[in-house]
Asks: 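Mind looking over this structure? Questions follow.
Lettering of chains follows the sequences in order, A, B, ..., and the numbering in each one begins at 1.
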Number of protein chains: 2
Amino acid sequence: MDTTQRTDQQRSADRRRRELLEAADRVVLRDGPGASMNAIAAEAGITKPILYRHFGDKGGLYAALAKRHTDALLGALRAALDAPAERRERVEATLDTYLAAIEARPQVYRFLMHPSEGGPQNEQGFDMGAYSFPLLRRMGEELADVIEERVDLGPNSQQLARVWGHGIVGMMHAAGDWWLGERPCARAELVQALADLLWGRLAAAGDKAGGPGF
Amino acid sequence: MDTTQRTDQQRSADRRRRELLEAADRVVLRDGPGASMNAIAAEAGITKPILYRHFGDKGGLYAALAKRHTDALLGALRAALDAPAERRERVEATLDTYLAAIEARPQVYRFLMHPSEGGPQNEQGFDMGAYSFPLLRRMGEELADVIEERVDLGPNSQQLARVWGHGIVGMMHAAGDWWLGERPCARAELVQALADLLWGRLAAAGDKAGGPGF
DNA sequence: CTCATGTGTTACTTGCGGTAACGGTAGCCT
DNA sequence: AGGCTACCGTTACCGCAAGTAACACATGAG
């Protein structure tokens, strides 16, 4: 029993793992994050203990599931962030990429961010918070790296970049979440509004008549 | 059986409700949001069904609990937002108020925002997501109202204000969450960094040597 | 043939949210 | 007084989901 066998088995196990993840994906997207391990196992054509052998516990499964989508989204964002263009254009492209992603697959988004609420009858859900925030944190850190690498912020640039990275990601996330729920305007308008905000239009705007401004 | 009796009973019920909420508060702050209804009932010196008679279900209890803290925080924020001062000063005061609140009572904050994870051994938590986002949404809406009321944004000001309200709140929240976890700097520095971001310093900064900027 | 190993199962335990059914106890009515 | 109606409280239970133990079948190696 050595490498060759091990690799064979590992390949097989990896394929199985992928199949299980795809089944889990289908169920979670259909039934919401409250989906039970039994349901996921049934969809995969097997039974619970196998899931536990592969993923340890439900958290492990959900983490693996979240990682897939998270990686895909981060890849798209990185591409937008790396395109050759002016800074504002890049910012807009990145915002648009994120918003387009959550608009195109709101089910996935809701799973990643609001892992409760989901299916028709959603009762006692699951812990969560443990999968959504990794995504936001990772996005924040990556954006911080990009900012620090490319923007001249003078002294203390590292900390400033990290604050901004997390702050901008949070802005994008919260605005996107609200927008996705209410759909008050077209995506492009939202992108413009957010870019304007980042471009200091709040500071530049005048007060309205009737008192000191905000 | 009419008003007088009813009011007496209602007063008594309200007092009871307050006591129960305080007990729940203690337990949740001690054991984290995974606290069981049994534990809360025990802390209050009673048993489960009474909790259910008062709050319907666990969601109702947590919602009531969250509302208390949410209202308190919103009150403080409104005060900071209404102080007579220049716009930038107000923004800084508001940011500082929020950050001071979460710094002073991280347990409460974690309950409101990340209702999973909590006590030492926290496993199967609870659904959640249903209590944190109301807070963010309410803050976003209130800020939007203030912006629209006081800042001259030209046409489409209503939508712009709402986007910005939610966006700024999200920025504050995400940056605060990250900062609370890592404590990389003093609160005042964070406030400055965020205010600088809102004041367009990202747009104003130059590119770093080595390529087009972010 | 046997034995180790990986894959799968059934059947169970534990602990939670939530509820039904029952017991006291205060006040009001006649 | 005696009984009736609400209300506060209890015990004991249901359903369900996470997670686990113990067992069963295959298959390839010696």
Asks: Say you draw a straight line from CG of B/L51 to CE of B/M37; how long is it, rounded to the nearest 0.5 Å?
Replies: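 Taking CG in B/L51 and CE in B/M37, the distance rounds to 5.0 Å.
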Asks: How are the rings of A/F111 and A/H69 set relative to one another: parallel (under 30°), tilted (30 to 60°) or perpendicular (over 60°)?
Replies: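 The arrangement is perpendicular - the two ring planes meet at more than 60°.
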Asks: Tell me: NZ of A/K58 to C1' of D/dA17, nearest whole Å?
Replies: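 The answer, rounded to whole Å, is 8 Å.
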Asks: Let me know the distance between CD1 of B/I40 and C1' of C/dG18, rounded to the nearest Å.
Replies: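 Computing the B/I40:CD1 to C/dG18:C1' distance gives 14 Å.
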Asks: Roughly, in whole Å, what's the span from NE2 in A/H54 to P in C/dG8?
Replies: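 In whole Å, C/dG8 P lies 7 Å from A/H54 NE2.
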Asks: Tell me whether A/R26 is salt-bridged to A/D31, with the criterion being a basic N under 4.0 Å from an acidic carboxylate O.
Replies: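 No, this pair does not count.
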Asks: Please give me every residue in residues 44-53 of chain A whose heavy atoms get under 4.0 Å of an atom in DNA chain C, ordered by residue number.
Replies: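 Contacts with DNA chain C under 4.0 Å: A/I46, A/T47, A/P49, A/I50, A/R53.
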Asks: Measure from the side chain of A/M37, starting at C-beta and using heavy atoms only, and say which of D/dA18, C/dG17, D/dG9 lies closest.
Replies: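 So the side chain of A/M37 is nearest to D/dA18.
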Asks: Kindly list each side-chain donor-acceptor pair under 3.5 angstrom involving residues 97-105 of chain A, sequence neighbours excluded, with atom names and distances?
Replies:
| from | atom 1 | to | atom 2 | distance (Å) |
| --- | --- | --- | --- | --- |
| A/T97 | OG1 | A/A93 | O | 2.8 |
| A/E103 | OE1 | A/R187 | NH1 | 2.8 |
| A/E103 | OE2 | A/R183 | NH1 | 3.3 |

Asks: Quick one: B/E19 CD to D/dC8 P, roughly how many Å, whole number?
Replies: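 In whole Å, D/dC8 P lies 13 Å from B/E19 CD.
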Asks: B/E19 vs B/R16, test: salt bridge (Lys or Arg N to Asp or Glu O under 4.0 Å). Steps then yes/no.
Replies: CA-CA 5 Å; B/E19 293 172 18; B/R16 205 87 179 96; 2.9 Å; yes
Asks: Has B/R16 got a side-chain N or O lying under 4.0 Å from the OP1 or OP2 atom of D/dG9?
Replies: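 True: B/R16 side-chain N/O within range (under 4.0 Å) of D/dG9 OP1/OP2.
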Asks: What is the distance from CG of B/N38 to P of D/dC13, rounded to the nearest Å?
Replies: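 Rounded to the whole Å, the gap is 16 Å.
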Asks: Could you pull out the closest heavy-atom pair between B/A195 and B/E92, with the gap in Å?
Replies: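 That closest heavy-atom pairing would be CB-CG, 3.9 Å.
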